[in-house]
Amino acid sequence: KKKCNASPIELAKSYNNLALNYRDKGEYDDAIKWMKDAEEIFKTSNTSINELALLYFNLGNVYKKKGDNYEAKENYEKCIKSREQSKPVK
């Protein structure tokens with residue numbers, strides 16, 4: 001087996017991209033699983049708040065497509081909070 005030399009952030013981005021492929025195929029549970037894995041890496045790594053906000057936005061969209069409006073709303077709110085944290089304070 002070859003070893004993956006990706007950084008944790010690169011790995012999380014790959015998970016998110018894989019999740020988007022599952023989403024596009026309508027395999028929402030698999031998409032959610034990969035996005036949750038990416039979220040754990042993003043939350044424990046020194047990542048841009050924007051990356052995490054985009055993940056929450058994508059996750060909200062998957063839950064919405066799945067018909068889970070509660071989880072969609074929760075993730076959209078996480079997205080908004082993340083984006084607000086990334087704004088510079090004046």
Side-chain angles (χ1 to χ4, degrees):
K1 291 183 180 181
K2 290 186 177 182
K3 185 178 176 181
C4 178
N5 291 323
S7 72
I9 300 302
E10 291 168 331
L11 186 60
K13 287 179 182 181
S14 295
Y15 286 175
N16 190 46
N17 288 336
L18 183 59
L20 294 175
N21 282 307
Y22 279 113
R23 178 205 62 193
D24 292 346
K25 293 183 349 183
E27 297 176 20
Y28 303 128
D29 290 331
D30 287 329
I32 291 166
K33 181 241 180 264
W34 286 106
M35 286 183 184
K36 290 290 189 178
D37 288 347
E39 177 187 25
E40 289 307 310
I41 295 171
F42 280 140
K43 286 168 62 175
T44 59
S45 300
N46 187 16
T47 187
S48 161
I49 293 293
N50 292 332
E51 294 286 348
L52 196 53
L54 179 60
L55 177 80
Y56 289 136
F57 179 75
N58 289 335
L59 195 50
N61 287 341
V62 172
Y63 278 117
K64 185 175 179 185
K65 285 182 177 276
K66 190 178 174 186
D68 189 339
N69 291 329
Y70 176 81
E71 286 296 330
K73 179 180 176 277
E74 290 290 308
N75 281 280
Y76 290 142
E77 288 174 352
K78 286 180 184 178
C79 173
I80 291 166
K81 284 182 184 177
S82 293
R83 294 291 291 164
E84 287 173 349
Q85 289 176 3
S86 70
K87 291 181 182 176
V89 178
K90 294 182 180 179

Residues in side chain to side chain contact (heavy atoms under 4.5 Å, CB included) with S45, at least two apart?
->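 Once residues adjacent in sequence are excluded, the partners of S45 under the side chain to side chain contact (heavy atoms under 4.5 Å, CB included) criterion are P8, I9, I41.
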Got a sec, which residues hit side chain to side chain contact (heavy atoms under 4.5 Å, CB included) with I80, two or more places apart in sequence or on another chain?
->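 Residues passing side chain to side chain contact (heavy atoms under 4.5 Å, CB included) with I80: E84.
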Residues that [X] engages under salt bridge (charged side-chain N to carboxylate O under 4.0 Å, His left out), provided they are two or more places apart:
{"X": "E10", "value": "none"}
{"X": "D68", "value": "none"}
{"X": "K73", "value": "E77"}
{"X": "K36", "value": "E39"}

Where the side chain of N75 meets the backbone of E71, is there a donor-acceptor pair that is under 3.5 Å apart?
->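 Flag set: sc N75 to bb E71 pair under 3.5 Å.
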Suppose we screen for side chain to side chain donor-acceptor pair (under 3.5 Å). Which residues come up paired with [X], at least two apart in sequence or across chains?
{"X": "K65", "result": "none"}
{"X": "K43", "result": "none"}
{"X": "D30", "result": "none"}
{"X": "Y63", "result": "none"}

Student check: side-chain heavy atoms of [X] and [Y] closer than 4.5 Å:
{"X": "N58", "Y": "V62", "result": "no"}
{"X": "Y56", "Y": "M35", "result": "no"}
{"X": "K66", "Y": "I32", "result": "yes"}

Using a strict cut-off of less than 4.0 Å between a Lys/Arg side-chain nitrogen and an Asp/Glu carboxylate oxygen, indicate whether K33 and D29 qualify as a salt bridge.
->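 No, no charged N to carboxylate O under 4.0 Å.
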Atom NZ of K78: over 12 foreign heavy atoms under 6.0 Å |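 Yes, the 6.0 Å shell around NZ holds more than 12 heavy atoms from other groups.
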Please round to the nearest 0.5 Å and tell me the distance separating atom [atom1] of [X] and atom [atom2] of [Y].
{"X": "K13", "Y": "N16", "atom1": "NZ", "atom2": "CG", "result": "10.0 Å"}
{"X": "F42", "Y": "L11", "atom1": "CZ", "atom2": "CG", "result": "9.5 Å"}
{"X": "C79", "Y": "L55", "atom1": "SG", "atom2": "CG", "result": "9.5 Å"}

Between A53 and R83, which heavy-atom pair has the shortest distance, and what is it?
->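 The pair with the smallest heavy-atom distance is CB-CD, 3.5 Å.
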Give every donor-acceptor pair under 3.5 Å between a side-chain atom in residues 18-28 and any protein atom, sequence neighbours left out.
{"residue": "N21", "atom": "ND2", "partner": "N17", "partner atom": "O", "Å": "3.2"}

What residues form a ring pair (Phe, Tyr, Trp, His ring centres under 6.0 Å) with Y15, not counting sequence neighbours?
->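 For Y15 the ring pair (Phe, Tyr, Trp, His ring centres under 6.0 Å) partners, ignoring immediate neighbours, are W34.
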